[in-house]
Amino acid sequence: MKISRKDFIKHFWGIILLPYVLLLILMERKHNQVLKQKVIRIPAEFSGTVNFVDEVICIRSNKELKIYSSKCTHLGCRINKTHQGVLVCPCHGSSFNLDGKVLTGPASKNLTELNFVHDKETNEIVISI
Amino acid sequence: MKRIKKIWAFILFDTYGNIALASFIICIVSGFILAVPYNVQAAYDSIALMLITNLPGIIFRNMHYWSAQIFLIFTLLHTWEHLKLRSAVDTGSGVWLRLVVSLMVLFFVMIYGFILKADVDSLQARRILETLLSDIPFTGKLMSGILFGNKDSFQLIYVHHIATATIILVFIIFEHAKVLWSKRSTFLITLAVITLLSFFIHAPLHNNINPVLKGPWYFVGFQEVLHWMEKPAWIWMFLILFLFFLFALKYVNENKNHLAVWFILFLSAVYLVLTIIGFYFRGENWEWQSPCGKNKYVKSVSLEIGFQKVSSRFAHLTAYDIPVVQGRREACMNCHTGLTGFSPSHDPKAIGCTSCHLGNPFTLDPGKAHKNMVLIPGNLANANISCGTTSCHPEISERINTSMMTTNSGIVSVDRFVFGENHSPDILSHIKDIGHSAADKHLRDLCAKCHLGNEKLETGSVDQMTRGGGCTACHLNYTRSGVDQHFAYISGQKIEELLPSIHPSLDINISNDHCFGCHSRSGRISTNYEGWHETLFDEADVIGQTNYRILQDKRVFEFISADVHHELGLECIDCHNSYEVMGDGKNYFHEEQAVKINCEDCHFSEIPETISYKELETEQKKIFDLRKFGHTDKKMIVGKNFGLPLINAFYENEESYMITKNAQELHLLSPPANVCTKSRVHSKVSCSACHTTWAPQCIGCHNEFDKEAQGFDLLENKFVKGEWVEYVGTFLAEPPTLGVREDDKTQIEPAIPGMIMTIDKGSFYSSDESIIFHRLFAPAAPHTTSVNGRSCKSCHNNPLAIGYGRGMLIFEINNGVGKWKFTPEFAENKYDGLPEDAWIEFLSNSSDDFKSSDEYSRSTRTDFRPFNIEEQRRILRVGACLSCHAENSEIILKSLDEDLESYLLKISGDCVLPVGF
């Protein structure tokens, strides 16, 4: 089957663009990789049980410290307050207990617990997100 | 119908499409102009700055906003029109596909515009969209990255808003309409309407304090839908299906198209309902809220209406003249200059004005700036949006709701118990939840003002008449000059020239005066502490007498003797800490359960547990630092029962010290006397049982409901018809009776006649209900401590201390037989036959009936009781000894070291003990 150059371009012009799309994907990935890591440093001592700092929630219960991402697992809104002892998302009202577990939806997943290290020299908690 | 059509035709001066096109042109041009003041690097700030200083900029921003909204609405109407006319059939499939997809582009360009204002609404909307896109399998993260870029930057969004999406829309409009310019008349009328709207209705900008977060109006319905979806990524499926559905309309016949159009109309109506619900019926945390709800501060951020009126004196303001506080421009401070009096933590330079007072910080128009302002921040009704916002004191504003001073749990449950409405005095209650039963009405008439939730409605300092006020109840302080200026302002014409230049301070300098208003009532610990006892005198009765004090409410107090701690200069806060007063997050039945300080925490003989400054928890450390304490190198004493550090008490070189919190005076803490710690026989006697000098005691009270009287509902602060009237019997200031607390340990504590009273319930319900009589004593902490404890006889030979009431208690010995005899001073009460002031009957087994049923309750607590018969006998057995032997005699002092039973075996044959003991 013979195919003219004009027809070829008409039907397969997308193939010509494909390498550029791949380049775009690679560029976006590289860009993300370069900017992804963010380090948050917060004082190890804080008042009360819950402390909202930057993109994390620090919870100290029974002298144990846990750090959670403040990103609501429903749609990513930032959780920045407690209401009657539970963490509440301001956008759609999902609530989580202080162990990060879902109490009421719409969220169905628990909050993401984050790893941290205690910098004893500066008495700071260091979290990489 | 014809008339309506004519009116509609007049309003719609051209086709939907042409009006949409005219709006689009205006939107592009106004957006181009807006790019001048808009700074993508500091998006929120640049808009705020424009709102404050740049009136033409405001107009162009409003034009951009209104032209965009009109473009959206008329594009949708235009689409609807085309669907009805089946235009798709005559349109090429490629063009139709692009038109359908362009609807998505239209919404994207709109939401980009919403995000670019970079307030909290915008930031959350951006997070939602990024998450929604990221959740699309395979390509989601890439799309999110391409469409939104770095999470801390608005650069890509700005580029897509002004270029990518706009170019796409221009291309599609041209392809579809073959024009890029509307009729001149249409353009001019559209421009006129948009300009008019722009002068009077302003595009919103969130002040980042209001806790209600919502998307743009056209996405609020979408937000409501997402609220119900556990897996929100499915929303893409619905959107794609809907676009496919629109595309497919090109290929259906007229009947099916007709049905489809009705279906779209139905969907639109549903979406409109969802939008109305989301906008008007959803509040903070997307919870249901009435649009006419009480809290006017917590509502959706809405459009500002009215022309901006700005004084010419602000004509030359520059960006440097408008303070930026906590990332927010605060134009308030451009008018309210020269204010002094703030504590460093609450200085507007640190937190601005809107952090506490709300209002609109983005305008110099006083009318608009003061709209929805909170005049008195700190009332619990607004604490979550003033003192308790996330960046200030969120945890305290939460836990204060569990403070006994907020709930009044004990007062409510005991009152209901006394009225027969509760089966027990130990039921967790809250004053804000009381209703209108006889007991609750009693509280409303007599008690319900003294709680932190009671709103402070008038400006001015805290005085003896102040009740409640949330955070201000304790933390509000006026200087003398501040009070004078405030008085001059409110008593004058409230003219600008008299506006006070001294702002009250919000700080931790809490004096006894802050506590006095509420605590000079009921247990009266504030007045007791200073040595004042309430009398039934009138002001006129005591004129010229120095031993009396008249309070602001005209009650007359007589001086008895002050608490030794008061004489030494200690104030309430020197003992009572933030976790007692503001709650610790736990709910308690009664006030004594919430108190975390004990006498033994300061007065001890052993080496105390201590803690270093470094180990202090942040709240304690913050208070320590704010008070500028210097003992960071000292070992601070830790409270025995609750493990709370006493930040103003430390242990050094085998001595303990306390520093008063306000005056910063150093006091040596003395250990308890030997008799307190060495004596085995008094190990169950609390410090206050011995060291309380006197306690206010009220006997013979009657409550009757007066239906005709004008009462005042203290909970709702309004006049009502009918009120409970309390007829007082006698007020006495004498050493307290003693009772037994039986919780996790047994302890003897002071008791006062909490309620020896009658209640005429029939007068309330207009029924034949009989009169309720109660003889209930209450455990008390009278705060009248003396250095020397009570004498032996003041307990063992005192009928009042044991619970029999006042009178003569004599140990009579006739013919070698000893017998106790009691002659009461007060007459017998007709309801139970006991002397009016008694707690229990003299040496009667009936006192053992305590707690056997409600009918026999003897105290306002389930864990507090009078002495049972065996205990009375043990007390009086010693009393018999004291009838002959002096208190400090060797024989009595030796008895303190031994068990009483074994000691009595050694007594002389001449001694006579009471018969039957």
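Just so it is clear, the values below take in all heavy atoms, side chains as well, and ignore hydrogens, waters and symmetry mates. To find a chain, count down the sequence lines: A is the first, B the second, and so on, and within it residues start at 1.
B:Gln155 CD: 12 or fewer foreign heavy atoms inside a 6.0 Å radius. Within 6.0 Å of atom CG in B:Asp433, more than 12 heavy atoms from other residues, nucleotides or ligands are found, so the atom counts as buried in its surroundings. Heavy atoms of other residues, nucleotides or ligands lying less than 6.0 angstrom from CZ of A:Arg29 number 12 at most. Taking a 6.0 Å sphere around NZ of B:Lys141, one finds it holds 12 or fewer heavy atoms contributed by other residues, nucleotides or ligands.
Note that the CD atom of B:Gln223 and the CG atom of A:Leu75 stand 9.5 Å from one another [nearest 0.5 Å].
The most heavy-atom pairs under 4.5 Å with chain A, out of B:Leu226, B:Asp584, B:Leu213, come from B:Leu226. The candidate from A:Ser95, A:Pro90, A:Gly93 with the greatest count of non-hydrogen atom pairs under 4.5 Å with chain B is A:Pro90. Between chain A and the residues B:Ile146, B:Leu142, B:Thr402, B:Leu132, the most heavy-atom pairs under 4.5 angstrom are made by B:Leu142. Contact tally against chain A (heavy-atom pairs below 4.5 Å) for B:Ala125, B:Ser134, B:Pro232: the top residue is B:Pro232. Taking A:Lys81, A:Glu28, A:Arg78, A:Lys109 one by one and counting their heavy-atom pairs under 4.5 Å with chain B, the maximum is reached by A:Arg78.
Proximity to chain A is limited to the side chain of B:Glu287, based on heavy atoms less than 4.5 angstrom apart. A:Lys71 touches chain B through its side chain: at least one heavy atom from C-beta onward sits under 4.5 Å away, while N, CA, C and O do not. The contact between B:Leu616 and chain A is made entirely by backbone atoms, counting heavy-atom distances below 4.5 Å. Both the backbone and the side chain of A:Cys77 come within less than 4.5 Å of a heavy atom in chain B. Both the backbone and the side chain of B:Gln124 come within less than 4.5 Å of a heavy atom in chain A.
Judged by distance alone, the side chain of A:His92 and the main-chain N or O of B:Val225 form no donor-acceptor pair under 3.5 Å. When atom types are taken as modelled, the side chain of B:His227 and the backbone of A:Cys91 share no donor-acceptor pair closer than 3.5 angstrom. The backbone N or O of A:Ala107 sits nowhere less than 3.5 Å from a side-chain atom of B:Glu230 that would complete a donor-acceptor pair.
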side-chain contact (heavy atoms from CB on, under 4.5 Å) assessment of A:Cys89 paired with B:Asn285
CA-CA 6 Å; A:Cys89 173; B:Asn285 304 330; over 6 Å; no
Go through A:Glu55 and B:Arg127 one step at a time and tell me if the salt bridge (Lys or Arg N to Asp or Glu O under 4.0 Å) criterion holds.
CA-CA 12 Å; A:Glu55 293 172 38; B:Arg127 288 182 192 116; over 6 Å; no
